[in-house]
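Each remark here refers to the structure printed beneath this line.
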Amino acid sequence: MSVSAILGGWTSYSKLTSNNDDDWVDRLNHLYTVILLAIFTVFISTCQYAGNPIECWCPAYFTGSYVSYTKSYCWIKNTYYIPIDEQIPSSKHDRTSEEITYYQWVPIILLFMAFLFKFPALLWRMFNGGSGININKIVDMTSAVQIGGQDKRDETVNHIAIYVDRWLDAHRQYRFNIVVRMRQKLSKFFCFLCAKRDGTYLTGLYIFIKLLYVVNVVTQFFLLNAFMGSWYNMYGFEVIGGLASDHTWPDSPRFPKITMCDFEIRQLQNVQPHTVQCVLPINLFNEKIFIFIWFWFVFVAICTAGNFLFWIWRALFRSNRASYIKKYLKLLDQIKGEEDKMLLRKFADQYLRDDGVFILRLIARNTSDILLSDIVLKLWSTFKNKPGVKKQQEDEMSKFTDSQA
């Protein structure tokens, strides 16, 4: 793989936004979730730096500079939460154990979470070019001619079919030894070997990226647990339970609006301790944002896990390849007998293989079945006209007839 192919995944702005070389679940992770987290980051940052994220009730003798110092100190030091009907602990350790440590770092943690959601997509953009085919370009070409003229449509379909055919031929295995034969046998059942010449590079890489998406969204809950406290995993159920019992939005001790702050002021040799009560308006927004994030992440996790299992099922069962291609060829009335059925299995398993079928699936997901049918038909015709295919098919059909007799 060339250096330019790798760096292309980082240097192109379009690759950082969205491409057409994945499906809607991938975009749910690396595009829509990232946009959502970026919006929350901008909103919270604006509230923190363009407004007053904290207000403190200071003693009457505090002048303006003392009040500003108190607010700044309590914002950066952390405040602690004690319910209004409970006595403030006298022990410094008991107060410290109740400190709220997350609210200053919310914009940074949201940006970090957004990067984690984008990271699998960056890996996919960087390494799918190693297959030797530009998936995004193919899908863009098919999208551009969906509603165009028939001549332009036929020309594009022909170009794509020629391009895919040359790509498939260029990545055939040209050396056959015991290692290659063993790998080819394994690749029939286990596509994760990620070998270009076995036709499993794109499929194996894509499923690995799908696994990263699943791991990432699950890891996000542990990350938020570490950031906010071990309670976050069940936070959504707490909110649902509170709404069900009181029919009102409950005041959450997880995001308190009124907190306490301890600080000391040195005057000559005297150190005077102070305890003030502060208001955190920022937590009014943090609370709503993080409960929305909890439900959003649950939704994304369910979709991503289901999508991952679906692609695993597609990759592991060899019959899925032939069944997928058969659907389009039958619509075009190209399967007319047992000979065509036998040729279809060879077309899917030996010609297209996992990566070829994978390309066709992505085209279908991003364009239309009608256009994909035209491409499949063109590839089918190209395959049947290849030297040696007809003779081999006649020999196999002859053996089949003899066995039936």
Side-chain angles (χ1 to χ4, degrees), residues 9-19 22 24-55 71-72 74-79 81 99-125 212-233 235-236 238-239 249 252 254-257 259 278-304:
W10 296 91
T11 56
S12 173
Y13 174 75
S14 63
K15 292 181 182 297
L16 294 175
T17 53
S18 179
N19 278 18
D22 50 20
W24 69 271
V25 176
D26 299 330
R27 290 190 281 272
L28 181 67
N29 281 269
H30 74 78
L31 181 60
Y32 304 123
T33 301
V34 170
I35 291 175
L36 188 69
L37 293 174
I39 291 173
F40 288 153
T41 300
V42 173
F43 180 78
I44 292 297
S45 299
T46 303
C47 292
Q48 285 190 9
Y49 300 109
N52 292 320
I54 189 170
E55 294 287 350
K71 290 163 56 176
S72 298
C74 291
W75 174 255
I76 64 174
K77 176 189 177 293
N78 299 330
T79 58
Y81 173 67
E99 279 189 348
I100 306 164
T101 59
Y102 59 80
Y103 53 82
Q104 307 99 317
W105 311 105
V106 168
I108 295 176
I109 194 66
L110 289 177
L111 279 179
F112 182 63
M113 291 160 58
F115 169 75
L116 291 181
F117 272 102
K118 193 67 181 179
F119 183 69
L122 295 177
L123 290 181
W124 171 244
R125 303 284 186 263
L212 288 184
Y213 281 124
V214 175
V215 172
N216 170 66
V217 72
V218 173
T219 304
Q220 295 284 345
F221 285 98
F222 292 97
L223 176 64
L224 288 172
N225 258 10
F227 175 61
M228 309 188 71
S230 58
W231 49 267
Y232 190 78
N233 274 349
Y235 183 48
E238 287 184 12
V239 173
W249 191 273
S252 173
R254 314 299 190 187
F255 297 92
K257 283 75 173 179
T259 58
C278 298
V279 176
L280 292 173
I282 195 72
N283 267 354
L284 180 67
F285 304 110
N286 284 334
E287 180 181 20
K288 307 305 186 294
I289 286 174
F290 279 98
I291 187 57
F292 181 86
I293 286 176
W294 190 92
F295 284 107
W296 179 261
F297 281 4
V298 169
F299 168 70
V300 172
I302 293 173
C303 293
T304 306

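Values reported hereafter were calculated over all heavy atoms of this structure, with side chains retained and with hydrogens, waters and symmetry mates removed.
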Heavy-atom closest pair (V42 atom, T46 atom, distance to 0.1 Å) is O-OG1, 2.7 Å

Name the orientation class of the two ring planes belonging to Y102 and F227 (parallel below 30°, tilted from 30 to 60°, perpendicular beyond 60°). perpendicular

All side-chain hydrogen bond (donor to acceptor under 3.5 Å, both in side chains) counterparts of Q220, not counting sequence neighbours: N216

Taking side-chain hydrogen bond (donor to acceptor under 3.5 Å, both in side chains) as the definition, give me every residue that meets it alongside N52, ordered by chain and number, with sequence neighbours left out. E55

Apply ring pair (Phe, Tyr, Trp, His ring centres under 6.0 Å) to residues Y235 and F290 and explain how you reach the verdict. CA-CA 9 Å; Y235 183 48; F290 279 98; 8.5 Å; no

What's the shortest heavy-atom distance between I44 and P107, and which atoms? CG2-CG, 3.8 Å

Closest non-hydrogen atom pair, I100 against P256: CD1-CG, 3.1 Å

dist I54:CD1 -> N283:CG (nearest 0.5 Å) comes out at 9.5 Å

If we only count heavy atoms from C-beta on, is the I293 to L110 side-chain gap below 4.5 Å? yes

CA sep, side-chain torsions, deciding dist, call: F297, F117, side chain to side chain contact (heavy atoms under 4.5 Å, CB included): CA-CA 11 Å; F297 281 4; F117 272 102; 3.5 Å; yes

Give the ring-plane orientation class for W296 versus F299, where under 30° counts as parallel, over 60° as perpendicular and anything between as tilted. tilted

Mark yes or no for whether T259, through its side chain, and Y81, through its backbone, hold a donor-acceptor pair below 3.5 Å. no

Separation of L123 CG from H30 NE2 (nearest 0.5 Å): 12.0 Å

Could you tell me the separation between the SG atom of C47 and the CG atom of L284, rounded to the nearest 0.5 Å? 9.5 Å

Taking atom CZ of F222 as the centre, report whether more than 12 heavy atoms of other residues, nucleotides or ligands fall under 6.0 Å from it. no

Point-to-point distance, once rounded to the nearest 0.5 Å, from CZ of F221 to CG of N225: 9.5 Å

Between R27 and D22, what is the shortest heavy-atom contact and its length? NH1-OD1, 2.7 Å

T79 and Y103: CA distance, side-chain angles, deciding distance, side chain to side chain contact (heavy atoms under 4.5 Å, CB included) verdict: CA-CA 10 Å; T79 58; Y103 53 82; 3.4 Å; yes

To the nearest 0.5 Å, tell me how far M113 CE sits from T219 OG1. 11.5 Å

Using a 4.5 Å cut-off on heavy atoms from C-beta on, say whether the side chain of K77 contacts that of E99. yes

CA sep, side-chain torsions, deciding dist, call: F255, I282, side chain to side chain contact (heavy atoms under 4.5 Å, CB included): CA-CA 9 Å; F255 297 92; I282 195 72; over 6 Å; no

Determine whether P120 and N29 make a side-chain contact, defined as any pair of heavy atoms from C-beta on separated by less than 4.5 Å. no

Closest non-hydrogen atoms of Q104 and W75, given as atom of the first, atom of the second and distance, are NE2-O, 2.8 Å

Sub-4.5 Å side-chain heavy-atom contact between C303 and W24: yes

Heavy-atom side-chain proximity of W294 to V239 below 4.5 angstrom: no

So OH of Y213 and CG of L116: to nearest 0.5 Å the spacing works out to 12.0 Å

Compare all side-chain heavy atoms of D26 with those of W124 and state whether any distance is below 4.5 angstrom. no

